[in-house]
Amino acid sequence: MEELAKSYSHENVEKGKEDFWEKNHYFEAMREENINKPRFSMIVPPPNVTGILHIGHAINTTIIDIIARYKKLSGFDVLFLADMDHAGIATQAKVEEKLRSEGINKYDIGREAFLKEAWKWKEEHADYITKQWRALGLSMDYSKERFTLDEGMQKAVNTVFKRLYDEGYIYRGERIINWDPVLKTALSDIEVVYSQDNGQFYYFKYWLEDHSRYLEVATTRPETMFGDTAVCFNPNDERFKGLEGKMVINPCNGELLPLLADRYVDMEFGTGAMKCTPAHDPNDYKIALRHKLPIIKIMNDDGTMNDKCGIYSGMDRFECRKAIVKKIQDDDNLIKIENIVHNVGHSERSHTVVEPMLSKQWFVKMQPLAQAVVDLQHEAGQIEFFPNRFANIFENWLKNTDDWCISRQLWWGHRIPVYTNKMTGEIVCSVDKLDNKQFEQDPDVLDTWFSSALAPFAFLGWPDLNNPLYKRFYPLDLMVTAYDIIFFWVERMAFQGVHFTNTAPFKKVYIHGLVRDSQGRKMSKSLGNGIDPFEVIQKYGTDSLRFALATGGTPGMDVNFNINRVEKAHNFLNKIWNASRYLLMLLPNDFKYEKPLKNKLSIFDQWIYNKYYSVCKSIKNNMDKYELGQAAEYLYNFIYNDFCSQYLEFTKISLKNNSYEQNKVTYNVLYDILKNLLVLLFPFAPFITEEIYQHLPQAKNSIYEETYPIDLDNNFDSTDIQLVDALIDAVKLIRNFKANNSLSPNAHLRIEFIGDIKDYNLIKDYLERFAFSEIKFADHNIENSVSFKVFSLFISSDENEMSDIIAKRIEELEKEIARSTKILQNQNFVKKAKPEIVQKEKNKLDLFVKELKKYKK
RNA sequence: GGGCGUUUAGCUCAGCUGGGAGAGCAUCUGUUUGACGUACAGAAGGUCAUAGGUUCGAUCCCUAUAGCGCCCACCA
């Protein structure tokens, strides 16, 4: 057997493992040998094919992968599906940019040629993403990889569209939408990001037609004044009594505007008089409908003013704002300019200021569809959120959401499957493509999220209900995603799933937080505080990054990424590496594992098994709750402290002193526990555990073929276990004592040990070795046999020193006794506290008193 | 305006059903102990944001307050 290298090198360990696993089909779901196992299914939130995976992807995929590997070793047939998103707007913007840099305008080459370019882009970037996935150590099923724009998805999307269209849930209508003048497309409400921007509030004079007086009207957007068709005030506003129906002069163009009263206007805000621009403000639009006002669009798609704006036509909207203010000022109609901070909507993608605009678009009528999800939640509680608080956020959104604008004025995406008959003008929605000689297809494409919403079922083969993948793995068992795409994705998957498959598309949703920098700031290019996961991997390895990400925080909470944590993880892995190396050095060449007989186990063996079994239980409990950080913490502490610091050290004594026959037991225990520790750690750090595993005697082809330890029998003599705990405490006390008294750590002390002694020699050796002290056992078989916890009596050769120490100890004991007595004298405590708590306290007091007696006799 | 989260050691964070406050890093002291100096042994460091309440008992439950952060809505 090849030996483990002297020191842990993540480069060597991680090289080639993904290939090995993949070649051996460990990542594939629905292999014949697994078909009788219970299933567990997840998909990765499809990353955009725009390119680079960031630390946010890393935490998301790491969580999913840990669960996938855990489930796999727990005996499930796991589907962890690889997929990517065509990311309409984002990708199109990138491709356009690339073409521009080559001096190509997309309109010159046309739609078809542009799409060819986009597909080329997709192929290149998909390759790169796959490489990154593999670097992150993901165990996705690549053989079933899907893309939101692949053939199957086209069919699914068109099927969904047509059904919603036929059922009246999709309609085309003219409404105020959010327009991105840079990308020249409509956006949905949630693609608009609001920020508190500095701005100006302009107060203008609106003269009455007869010039008898003027009204003050304030606006933040003077450039829209060409689109004004009224000035409004609240009907209860005394200031404007009797003015309704009169006309005022629009100071930007001299045209007359009616004054009208509408409840919408807030008397407290601004001047109480509001200009109404129906084509460029959703509220104004509603007012216009109520009062049948004309609706005038005054802007082009690129954010320049259109021909309704006289001399300003063709001017950029912000230039126009300045120009109009200047003109009004020159006309002496400017009253004042106030600096304000107000909420301004920006495009999520281009970051430009979004222009609300009247536009004919396709919409999904959300209320009935959303309500179906809410109803299902209430009836069956189908989707379980973790952490639970996100369930309310999820539901509130569904209850309040508006219609969803799904059409985008782009080329890259699912083209809307609606056609106009060129001859008859008839509108036809069709799943299959219609002949373009006879029919003209709607030029727009669908919002990317429209297709990714179908992912849970469409990626599994829907609408083919007989697809084996769909039959076996739908609905998904778990969806893992960050809270920032609950509205974009989780909600929409939910309503589409419920509508088309009559069930929630996933049973459970695990929501994790965002990764921030070590000071909790959002990572951003301008701050230069971004963490590139692949740089971290290069330096510390994937295993370390994974472990750090899994233990860095708690579910639902943002993680402040601290490189210290990765270093800690790396040191931890090094620790296991070396512990394993030590063990492999020990084991005889012909070692064959035999389950050690219980009655052959030493007190130390029993002790470690006991700790091991209980830690297994805690780990499994937490893994099942997806409390990965908690599970990893248990594992970390067990490996560092119980296994390495304590048990490995114990074995050094017995291995030195015992016969080969006895040592065989120790070898078996060591082997057994180490092997299972590798299995427990495997989900978090798959590479190093696989590497070590393959060096173990009797290793199978891969650690993948091991099973997660479960159903362990933990029936040991608690007295023996307490004894070892007591020994550990004793060593601590002695070391502590030496340090506090400026004695060298290996200074010899004579120690009297009080308690019922079983493995006399072992204990003696142990204490001599780890406490460097001679042991004298006093009161062998004294009256109580459980007093292992407290037994320390130090005897140094120096009598004075000794009395100091005893005095200190007595003081301590008296304090403890006082505390315990006080609690126990409280009748309410004795009456009302749980009996085991009371008993615990009594036992403690008992021990303290007994120890004190020893010193005082 | 509505909702949510958070406040624990110098820093980054754990703390699962209420029963003597934990880790890693940083700091200080010591150590060629049978794998590991990427280590080992130890020390120091906390009014668990504040004020009330419930309870025999509160970091944990309730109420208020404050700081920090997020989400939704949105006023021209």
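Letters go in sequence order (proteins before strands), and every chain restarts at 1.
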Chi angles and distances behind the ring pair (Phe, Tyr, Trp, His ring centres under 6.0 Å) call for A/Tyr8, A/His570: CA-CA 9 Å; A/Tyr8 163 52; A/His570 191 266; 5.2 Å; yes

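- For A/Asp228, the salt bridge (Lys or Arg N to Asp or Glu O under 4.0 Å) test picks out A/Lys275, with sequence neighbours left out.
- The base of B/A14 lies outside donor-acceptor range of the side chain of A/Glu627, with no N or O pair under 3.5 Å.
- The side chain of A/Lys832 contributes no N or O atom lying less than 4.0 Å from OP1 or OP2 of B/G19.
- Dashed line: the shortest gap from a side-chain N or O of A/Asn392 to OP1 or OP2 of B/G3 is not under 4.0 Å.
- Of the candidates B/C72, B/G34, B/G20, the closest approach to any side-chain atom of A/Phe487 belongs to B/C72.
- Contact between the side-chain N/O atoms of A/Asn571 and the OP1/OP2 oxygens of B/A39 is found at a separation under 4.0 Å.
- Between A/Phe204 and A/Tyr202, the ring planes lie parallel to each other; the angle is under 30°, not in the 30° to 60° tilted range.
- B/U6 and B/G42 are spaced 35 Å apart, taking the C1' atom of each and rounding to whole Å.
- Judged by atom type and distance alone, A/Glu816 reaches the base of B/G20 through a side-chain donor-acceptor pair under 3.5 Å.
- More than 12 heavy atoms of other residues, nucleotides or ligands lie within 6.0 Å of CD in A/Glu338, so this atom counts as buried by the packing criterion.
- One interatomic measurement links the two molecules: NZ of A/Lys831 to P of B/G57, which rounds to 13 Å at whole-angstrom precision.
- Taking atom P in both B/G22 and B/C74, one finds a spacing of 50 Å when rounded to whole Å.
- Listed pair A/Thr554 / B/A14 meets the phosphate criterion, a side-chain N or O lying under 4.0 Å from OP1 or OP2.
- One N or O donor and one acceptor, one from the side chain of A/Asn343 and one from the base of B/C74, sit under 3.5 Å apart.
- Here A/Asn560 reaches the OP1 or OP2 of B/C13: one of its side-chain N or O atoms lies under 4.0 Å away.
- Among B/C40, B/G19, B/C4, the nucleotide with an atom closest to any side-chain atom of A/Lys834 is B/G19.
- B/A26 sits 15 Å from B/A43 when the C1' atoms are compared, rounded to a whole Å.
- Each of B/A35, B/A23, B/G19 was ranked by its minimum atom distance to the side chain of A/Ile837; first place goes to B/G19.
- The salt bridge (Lys or Arg N to Asp or Glu O under 4.0 Å) contacts involving residues 822-836 of chain A comprise nothing, where partners must be two or more places apart or lie in separate chains.
- With both pairing distances under 3.5 Å, B/G1 is matched to B/C72 as a Watson-Crick or G-U wobble pair.
- If you take atom P in B/C60 and the same atom in B/G1, they sit 29 Å apart, rounded to whole Å.
- The separation of B/G46 from B/A21, taken at their P atoms, amounts to 14 Å, rounded to a whole angstrom.
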